[in-house]
Amino acid sequence: MLELLLPELVIAIFALAVIFIDMTLREDDKEFLGYLSLLGLVVALALVLMQAKSAYTSQLLDAGVLSDLIRLDLFAIFFKLVFLLVALLVVLGSLDATRKDRYKGEYYSLMLLSTLGMMFAAMAVDLVLIFVAVELASIATFALAAYRKNRRTTEAAMKYFVIGAFSSGLIVFGMSLLYGLSGSTNLYEIATALPGAGELYWVMVLGVVFLIAGFGYKVAAVPFHMWAPDTYHGAASPVSAFLAAATKKMAFVALLRIFVVGLSTPALLQDWALLFGVLAAVTMTLGNVVALAQRNIKRMLAYSSIGQAGYVLIIFALLASEADVSLSVGAGLLHILTHAIMKGGAFLAVAAASYYAIGSELEDFSNLGRRLPLTALAMTIFLLSLAGIPFFAGFVSKFMILTASVAAGGFYLFLGILLVINSVVSLYYYARVIRYMYFSDREVKREREPRLLAAALLIAAFLVVYIGVFPDAFVSLSLSAASSLFS
Amino acid sequence: MSVTVFHYVFLAMLLFSIGAYGLLSARNAVRMLMSIELMLNAANINLVAFSSYLGSLNGQAFAAFTIAIAAAEAGVGLAILLALYRNFRTVNLREIKELRW
Amino acid sequence: MRAIRGVVPVIDLLVFLVISALVIAGAVGVVMAERIFHAVLALALSLLGVAALFITLGAEFLAAIQVLVYAGGVVVLFLFATMLTRSDLQLRRPKGDELAPVGAVVFAIIALFYVASSGFVSLGERGSVAGSVENVGKLIFDLGTYAVPFELVGLLLLAAMVGAIFLAKKEEAR
Amino acid sequence: MLAYLVLLPLLGALGSYLGERYGLARARSVALGTSLLTALLSVLVLQRYLGGAEMFPEQSQVWISDFGIGFILGVDAMSLSLVLLTALLYVVAVLASWNISTNPGRYFGLLMTMEAGLMGVFLALDLFLFYVFWEIVLIPAFFLINGWGGERRSYAAMKVLIYTHLGSLFMFIGIIMLYLKAGSFSFFAISDMLSAADAGFKSLVFLLLFVGFAFKIPLVPFHTWLPDAYTEAPTPVTILLAGLLSKMGAYGLLRLGVTLLPETFQSYAYAIALLALVSVFYAAFTALAQRDIKRLVAFSSVSHMGFLVLGIASFDFVGISGAIFQMVSHGLIVALLFFLTGMLVEKVGSREIPRLGGLITRAPFLGWVLVFASLASLGLPGLSGFVAELSILLGLFSTYPFLAYLAVLSLPLTAGYYLWMLQRSTFGATSELVEGARGDVRWHEAVPVLLLVVLITLLGLYPAPLMEMIGSTSREIVALIGGI
Amino acid sequence: MVEDLLMKVLRGLVGVVAVILFLSLNVLFLTWMERKVIARIHVRYGPNRAGPYGLLQPIADMLKLLTKEDIVPEKADKLVYNLAPVVAFLFALLPAAAIGIGSGLIAADVGVGVLYITAVASLSTLAVLMAAWGSNNKYSLLGGMRTAAQSLSYEIPLVLSMIGIVAIVGSLSTQDIVAAQSQTWFGIIPKWFIFYQPLAFIVFFAAVVAEMGRIPFDLPESESELVAGFHTEYSGMKFAMFMFAEYIHFVVGSALVVTLFLGGWHLPVISPMVENLGMLKYLVQVAIFVAKMYVIIFVLMWVRGTLTRTKVDHVLSFGWKGLLPLALANVVITGVVLSI
């Protein structure tokens, strides 16, 4: 039975190995640790892919056999794939991006540990495990955000930490209320044991609000978003990639599990769905509109990431509608996957630029198309995909979200229209970056791209295009993953 | 007039609110971190109280995990604080504004 | 005799109220104390109060853990941080309430909490979880229910250690 | 076979992009080769499907199975005529770009990618596919304007991108609503479903779709992106924008708006016609005030597109035939006009009307062709524009006589600004600039010009074959609402 | 129910008085003993004026301290400064309540026994830091921070080294732990945990010494560099309280070693003999316990007279890199052995 946890075991072992081998290495040899982590991630990814293959037919590998706390269904596997993929790309890119930095052992081990936490968060169906896993992932990233320890990163990390810890407080308080109401920490038991709309109704609402606010901070939904721009801007670019592409998605998986499995009793569903709907509307609008005003690319990407989180939040609102739930959730899942790749890739592209001490202001990217053609091309692909241009991955997932919200009709159609308008707004600021990269007259000289970063970018770009052109398998994967959440 | 779980829950909520207020009003990062500890403790009071009144041990186990996590969080937070202080020579978060556009 | 018997719950309540008063006083101290150092001491008071609450709830194990980890560990860390960052010298809470509106909001929320949670009265009497020390231990340590999160917490502490050490390390000139 | 119409330009795009490494000539000759091949292929397609009013679905390939999205292409007479126009204008556009020297590989690559998208739009029988191609056209256009355009190119490019993208997304919502109702994106399935759908739903969908088309055509309140885009884009791209991208809108209106939702269309027809009329007049008046010849042509194009929509709104056999004819005719004429403005800039160095005086004396070829094109555009009998506009007016007379009278009033206006322009530029006193003009015309300039001139004349004198082919489609359309 | 409550209160009061009495006596004796032992090692006489063998010296010292002027530095944080010795004294006393010196002779048999002891003991760090900070003196501050750093670092191996025993006994109560060591092999060799857990004993012993802040780990008050560490500024009664607390730590630490590893009040041959002797049994038990305790105490004094002080970085790295891995190894080994 333990073999079901083999991917996690592999990651844990490699993380420990990195920590201990780190102590024995000289500073110059520490690059090896990056390769070691890479190996671990590749092995784990392969194992998860095997799990995915067998889960694709049965949808559920394990529910409660291993432990009451874990459910290894296609949904969990889907997210594990996302996390591992992002971690893989980031680590691959980091081999170049952090070449000149110290503390490589700490960097890679923390990244692996964080990934491990996320993987468990994907499988957890118990409040305790969810909390512990989420915290493992978060605490490791708190430290990562301060990587390099300069003024910017420490400020970024401090803001991230304060808000992160605050959100942990909110989450655990909300969870404590749920536990008190249902007498259990297991989501499935909570679902059956939650009282109806009796005198404890408002406590339930309170618990829900606490959880939404807590995870709202983690996903950087407006009005809980103010840390994200500073953090993504200040942190080292590969770390920002990891935060935006993986850590944020972990919050979504926890939200989905908790709300879909534990809290979708009829008494509550309408309430929180409405709350999510409002949150989604505000989040995407504010994120995209503020992104317009940004002159710094990392900040712009951060705000865009807020906007994109708003798109995913739409699907929570849709759960209360008449639209097919697995279509809605499937749409969200696919968008989480595609956004992880695109946003991670975009931050890695910034990292590639900063390899040559190119800043992240818009002007710094002038004529990047000539200076670092590959990076610029990849960045263009990510940006177009983020904007939702056809034949790129982002289009497919946005299409699904749009379809789901149109299918729901009424108020939800309004969310869909808002999505569309926001998407147009976002196209403006994405296109602006492209314009700077390709159509400016600054004299630059061609530079050789850092090889491994370029490889990471190419893999990400390839995936974006592949999903965009041949989305069939990915669409049906996300749809079945979604339906496995409900089974 | 006996002590019911409501007393504990209300105390927890009070504690949580004070923590939240502290977090919002503080300028000193150390005070912020302390406010967060208060909030986590509030949750723990809830968990243990429910555990005791419901006669299930899960809440206590949860609280134990929370304590461990809170300690880890405090450790990392203070380490970040130190690194921050070395860079800025202050821990007043309202003065630290490098990251604005 | 019967009259006296009715006194026991009242004693319970009194004990609870006294401890709560300590907890709240400590918490208010954390937020309001003019000097950070005093705030940390107030935090210690509050945390010890919480430990005492745990004892009234029959959770001695947790109370001990609370004292060991929080009062003995975390608070000391905070004191250290206060000293190392000279917080007390540079930053004191200005007199006068700069965040009165926030306070008002918080107060409103408290009132809301009160109304909302009053439903819990119906949860009834305190159950006795006998021998909770061993049971909690079993729940956590034995390869039982919470084995997986326990292992994860181990890794979490490791991660925190790794992170904290490299962050707190002084950068020596290379 | 239809799929090759999409694939071939794509291959050409790749080829010319890679061709850059081997020098300028390689890139452009690859592009020319593929555009010629595409043209040849489309002629073969024409032969195969000649005169068919029915759609011939071809190449049905599952794309996204969970949403019933397929790679289905098909042609009828209407799309066929647009495919032909595309192929032809591409040859013209490639020749017009002969002198592009900055990043030619990238330029021709984008140009050819756009052709693939255009072909896709005209061929797609799956609405999802339709939308995808529709959007994909936009990206190369954005890059082309941004990279090779005039002074204010980034502003113009961004405007095109944002405005039309907004419109398209509304259209997309409409399409999704259709899908959700029909359970498939296939044109046929949706058409089946719609015959039983309720009017409110149809009306909503139509409005959503219409926004998309209106931005693309463009009709007046949605047109603000156009003057900047047409002016700032490099000549060949302007040719394509005016000649083909605007036709996408009209095509969409006919294909989705009219054929799928005939009754709904009819109920909105008067409003649309009014809007179109406003377009016609507004653009014509604005054209009068232009000093820049390219801007003048741009507004005249808006005006003509308004005419085209009038024809569609007439919902009359003759009117619709005229509208489709106008697509082709206007495509040719506007291409010629923009080609000429491009040449003017190159040879004379200015597009400002007053500075072009006396053109005909110094550069007779250029001058005379300009005269010809202007006359064609203002609807001189014997040229293609006349046939189209006459049919449109006739059609409109039978449905909305009052509007038709109004529309007729615009004709002298059009003639006015063109003739005034000619008077000031071609025939006026010779200006300084023109004195120094280079009068020589190279083969890659002469060939497309002559080709266009010949075609315009031919269609004007002998419109029957094209009209007949179009007739089958428009008969079909008119039959949808039971009139003839 | 009410009777129960009254009994509880009564028993608690008796316990508190007994604990304080026991500790005070021992502390008074210790101050004398320490001077005497160190003096002998130095080949001196040590105190020999007040009373026979100078046995009344502690009384004299006490009188001196009580009558001395209480000086509060002007720039001190008064509240913290004044509170520190009280806190130190209080948190030194509290752990003793959970240590039994005979079967049932315990002030409060807390279920979480050893955990309680370490938890409360760890609080004395607070007092140290309070004193350090409150005095507003850089030597105090440095001394205090060293103490805190040291006790934080050694607390972890300390707790970890107890886990083995706890796992074997299956209880945290000191009574249970001592009871588990009552058996013997062949009636002579005691089944003490020092034999089961030698590694843990070494770690625990070292950690306890460090926690008590005695040589070789007495950096916090290394006179040569820090004057007297955190209590540099204290005088009179407050100083006495710190000293008192320090000696209580000494007693409690030694008692804990005896309880955990040396069989508590059990001694082979003798313990079974007195099993049925009623009140006398308890007397013998206490005697055995105290005797063992003083052996430990003597060893520590001996160490103080012999070894030198260690450098601060060595102390810390010994804790993290030496004791911690050993303690972890011990936990793992115990776990493996137990599960087999």
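None of these values were measured; they are calculated from a predicted model.
The shortest distance between side-chain heavy atoms of E155(E) and L68(C) falls below 4.5 Å. Using a 4.5 Å heavy-atom threshold, the side chains of V67(C) and Y116(E) count as separate.
Within a 6.0 Å sphere centred on NZ of K321(E), other residues, nucleotides and ligands contribute 12 heavy atoms or fewer.
Heavy-atom proximity under 4.5 angstrom to chain E picks out A71(C), G72(C), G73(C), V75(C), V76(C), L77(C), L79(C), F80(C), M83(C), L84(C) from residues 71-84 of chain C.
Residues passing the ring pair (Phe, Tyr, Trp, His ring centres under 6.0 Å) test with F205(E), sequence neighbours excluded: F201(E). When the ring pair (Phe, Tyr, Trp, His ring centres under 6.0 Å) test is applied to F54(C), no partner is found at least two apart in sequence or on another chain.
To the nearest 0.5 Å, atom CH2 of residue W133(E) and atom NE2 of residue H38(C) are 9.5 Å apart.
Both the backbone and the side chain of L129(E) come within contact range of chain C, judged by heavy atoms closer than 4.5 Å. Heavy atoms of I117(E) lying under 4.5 Å from chain C are absent altogether. There is no contact between V128(E) and chain C, counting heavy-atom distances below 4.5 Å. Heavy atoms closer than 4.5 Å to chain C are found in the side chain of L79(E), but not in its backbone. At a 4.5 Å heavy-atom cutoff, the contact between A149(E) and chain C is made by backbone and side-chain atoms alike.
Closest approach of F37(C) and M130(E) over heavy atoms only: CZ-CA, 4.0 Å. Across every non-hydrogen atom of A44(C) and L126(E), the tightest pair is CB-CD1, 4.1 Å.
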Exercise. side-chain contact (heavy atoms from CB on, under 4.5 Å) between L115(E) and E60(C): does it pass, once the steps are laid out?
Worked result: CA-CA 10 Å; L115(E) 197 58; E60(C) 287 157 358; over 6 Å; no
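Residues in residues 140-175 of chain E take part in these ring-ring contact (aromatic ring centres under 6.0 Å, His included) pairs, two or more places apart or across chains: Y154(E)-F217(E).
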